[in-house]
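Written below as structure tokens is the structure these notes are about.
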Amino acid sequence: MSDRYIHKEIETKWQKSWDEQGLYTTTEDPDRPKWYALTMLPYTSGDLHTGHWYAMTPSDAAARFRRMSGHNVFFPIGFDAFGLPAENAAIKSNVHPQEWTYTNVERMQGQLRRMGAMWAWDREAISCDPEYYKWSQWFFLRLYDSGLAYREFAPVDWCPSCNTTLAREQVWGEDRHCERCDTPVIKKDLNQWKFRITNYSEELLADLDNIDWPEPVKVMQTNWIGRSEGAQVTFTTETGAPIEIFTTRPDTLWGATFMVLAPEHPLVDEITTDDRRDAVAQCVDQASRLDEIARTAEDKEKTGVFTGGYAINPVNNERIPVWIADYVLMGYGTGAIMAVPGHDERDFEFAKTHDLPIQLVVQPPPDSEAGHVRTAGDLESAWPGPGTVINSGPINGTPVGKEKGESVKAAIAWLEQNGKGEGAVNFRLRDWLISRQRMWGTPIPMIHCDSCGTVPVPYADLPVRLPDDAQFKPTGESPLNYHEAFRYVNCPSCSGDAERETDTMDTFMCSSWYQYAYVDPYHKAGEPLAAGDTPWDSARGQYWLPVDQYTGGIEHATMHLLYTRFFTKALRDMGVVDFDEPMLRLFNQGIILGPDGERMSKSRGNVVNPDEYVDKYGADTVRGYLMFIGPWEHGGPWDPSAIEGVSRFLYRVWSVVNDEPHAGTAGGAAANDAARGLERKLHQTILKVSEDMAGFRFNTAIAALMEFNNHLVSVKQTLGAAEAGTAAAAIWRESIRTLLLMMAPIFPHVSEELWQRLGRGNNGSDVASVHLQAWPQADPEKAREDEITIVVQVNGRVRDKLSVAPSTAEDKLEKLALASNNVKRWMDGKQVRKIVVVPDKLVNIVIG
RNA sequence: GGGUCGGUGGCGGAAUGGCAGACGCAGCGGACUUAAAAUCCGCCGGGUUGAAACCCGUGUGGGUUCGAAUCCCACCCGACCUACCA
């Protein structure tokens, strides 16, 4: 073994040793408080990139810190293994997705080991394993039994490049593009399976108050769920058909001068008069193709056509025309609106474009910018603001507030009294579409039978296995459709000819419950399942669940993080778990950027390969560098020269701890002073680093460790060579041991190596691992300064400094300050008006 | 358009009401070396200065306070999210 720091040697050595010692095997120990630390699982892409290192190694440091602080920590790892890239690779190079996936898993396992993280490999779970997905299927059946899974024929979002439908959450941006390939989606009418996440809208919103999650995620989920209060009102067509509408402004019902239906609205056909049929058909057609055309942001002109039909406004029996327009969305509310052009900007614009009547029903306050408005004709734009209700029969004179208030309440009360409508709450959240027309996913365990209808696969028959020999043709239909042995089965109910569902599940289904799978992966492997089973060992689940600390990127705010919350609430209602939320605390790390400050991407050529840097500097340096860049939640650009600083730090620590100092050069008083100074610095550092580690502030923790090491360097010749048995020698030794303990979570390998060298007995035997040691405790008495600096200000400007003992009395500080020559000079004979004394900090003398 | 977060040396950042710039990178000077690398020591916001003292300085303008990078108001700039949501 070399006396130099050779990272490659020690990192491989200790990774192997920790494995052999079983340092990170999981045990349920009821005598110790548990801590479930979870980092978002990687997809089996084939390569662990810098982003993974940035997400995972600080997570590991936090978990290690918890462990040293006395918790029994569970820090599992696994793979999200189903999904399109595997299937696309299969189409391209004719390898089975399974082969592609497991080759990648193997490679990534190796890369993950190089991080030196405390992964619980004994609880690894891979989502494409049949013993994993049989439970995904079990969950599907339980959701189906609970009425939370249903099949519906409806227009859905389709990605023409991925050749599959998508959930609403996977359609992003103004141009409504696919979340994974950026292709704009189109609409298709298809029979698809959905989960009733909307049953939990209210609870998903309310429970955000009970979890310690970052505010941005809470805001994004709140907006996504999109709760709005208002009223449901029934209009009637002249032919007698009811048109339900939702409005947040029932107080403006008397100002409705026309109605607008979404082009896909089921009543469109019925209400359209013969003379308008061609124009309406053309508009409907155009709307259905709208998503195929890349819409420009400026093109906001409201297009629409008159249906020829009329409806009766229930509040005043007025006959108003019914239009269709694409600014009304079938997916929100009821797909029909009352248009109040006087007080809604979109309606106003539409009315102006199509020359429709405008009615004023809220008189703007005289002191407002619309104070001059007396009639609808005076309006230059809609007035959505406050005022007084006018032209509205029974609710005339009610004040309209800036927020929803009295006028809305009055309108709802009137509607309810007269049976015309009622108060209602509407959500933006849509049900979760989980069908995918792809092969590499969990088969949906359903069978379609001509005589029995849709029949669930019996629990005992799970898993419904993916065939090993499916053909991959990008047809837009699931390849399982073309696999006869898979597709044609007997009906479990009547034994007649039947067909399997050939769509597979969204991979977000697998990750909605993976935190539970880790507790006891592949539970009941090889055994038949029943509805009453629990998907993991109950004792293990009781001990570990729920997740105490989750870490991961914010990009999952309205996908995975919403789905897994829904899933947990559904499981609770099925009696599978007894808590409401899957992850009690969440931390979002930032994004690591390329050296140019841009997002890393192959096309930009700014991708940093972590393996290269691990080879050059070692895993400890890469870990430390990533944590030293700045606050973890900020992310930031990778700076190839700044990593040198962390590397140098480790070499300096190595030489401080490992290299013999030159023969003693100082003794007596000098050594005693230096020892007292070092002891103080040591305890101050413990305080600082403990706080920072607990708060994920790794950057300042590392800065404190560096500072402490610099201090050690400066006193090494004095103390490191002190005679054994002296107090000075004892403090030196305690200091370097404690430095290694504090470094262990961030720099696990080099800390272990130096810890062993330091502790090794005369016979050369190893001591217990540094990672099994307790986190050091600071003694505030020892951290206390003997002498502190008090700043003396005159009119808020620093004019002098005093050195005094801590806790010096205020009046004494005041006297000392006034006695200062500098202060006298600046006072220049002026009157003292006031003296502010902040104990242990400053004295400010106000003159003038 | 709406929302959230942010703006501090050449750079990453520290300080969240009390000495602005901890820690590190880059740079400059020096030691060691035949030389270079590595390492070690010193300097390192601007003005002014032989040096000290002093003055200016945390996106801009105003306010609160004995005292503001930090709190409040308005504005400018940037990042991210979201968007015809009735």
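Being a predicted model, the structure only gives us computed values, none of them experimental. Every chain is numbered from 1 and lettered A, B, ... according to where its sequence line falls, protein lines coming before strand lines.
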From the options [options], select the nucleotide whose nearest atom is closest to the side chain of [X].
X       : options                : answer
V219(A) : A86(B), G3(B), G13(B)  : G3(B)
R825(A) : G18(B), A53(B), G12(B) : A53(B)
V328(A) : A86(B), C23(B), G18(B) : A86(B)
R346(A) : C66(B), U4(B), C85(B)  : C85(B)
V791(A) : C19(B), A86(B), G12(B) : C19(B)
T700(A) : A15(B), G18(B), A86(B) : A15(B)
R428(A) : C85(B), A86(B), G18(B) : C85(B)
R799(A) : C19(B), C25(B), C54(B) : C54(B)
K834(A) : G18(B), A86(B), C66(B) : C66(B)
V713(A) : A86(B), C41(B), A83(B) : C41(B)

Side-chain N or O of [X] less than 4.0 angstrom from OP1 or OP2 on [N]?
X       : N      : result
R599(A) : C80(B) : no
R648(A) : C40(B) : no
N822(A) : A53(B) : no
N699(A) : A14(B) : yes

Task: Where the chi angle of G9(B) falls, syn if within 90° of 0 and anti if not - done: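 Judged by the O4'-C1' to base torsion, G9(B) sits in syn, the angle falling within 90° of 0.
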Looking across every strand, which nucleic acid part, if any, lies under 4.0 Å from [X] by heavy atom: base, sugar-phosphate, or nothing?
X       : answer
P637(A) : nothing
N426(A) : nothing
D344(A) : nothing
R652(A) : sugar-phosphate
L329(A) : base
N795(A) : nothing
E644(A) : nothing
A703(A) : base

Calculate the interatomic distance between [X] atom [atom1] and [N] atom [atom2]; express it in whole Å.
X       : N      : atom1 : atom2 : value
N223(A) : C84(B) : CG    : C1'   : 16 Å
N709(A) : C40(B) : CG    : P     : 10 Å
L626(A) : C23(B) : CG    : P     : 22 Å
R168(A) : C85(B) : CZ    : P     : 13 Å

- [ ] Classify the angle between the aromatic ring planes of F350(A) and Y327(A) as parallel (below 30°), tilted (30 to 60°) or perpendicular (above 60°).
- [x] tilted
Open item on the list: Reading RNA chain B from 5' onward, which residue's closest nucleotide shows up sooner: G645(A) or H634(A)?
Closed with: H634(A)
- [ ] Find the distance between OG1 (T551(A)) and CZ (F696(A)) and round it off to the nearest 0.5 Å.
- [x]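 T551(A) OG1 to F696(A) CZ: 7.0 Å, rounded to 0.5 Å.
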Open item on the list: Both conditions, 6.0 Å and 45 degrees, for the charged tip of R623(A) above the ring of W53(A): are they met here?
Closed with: no
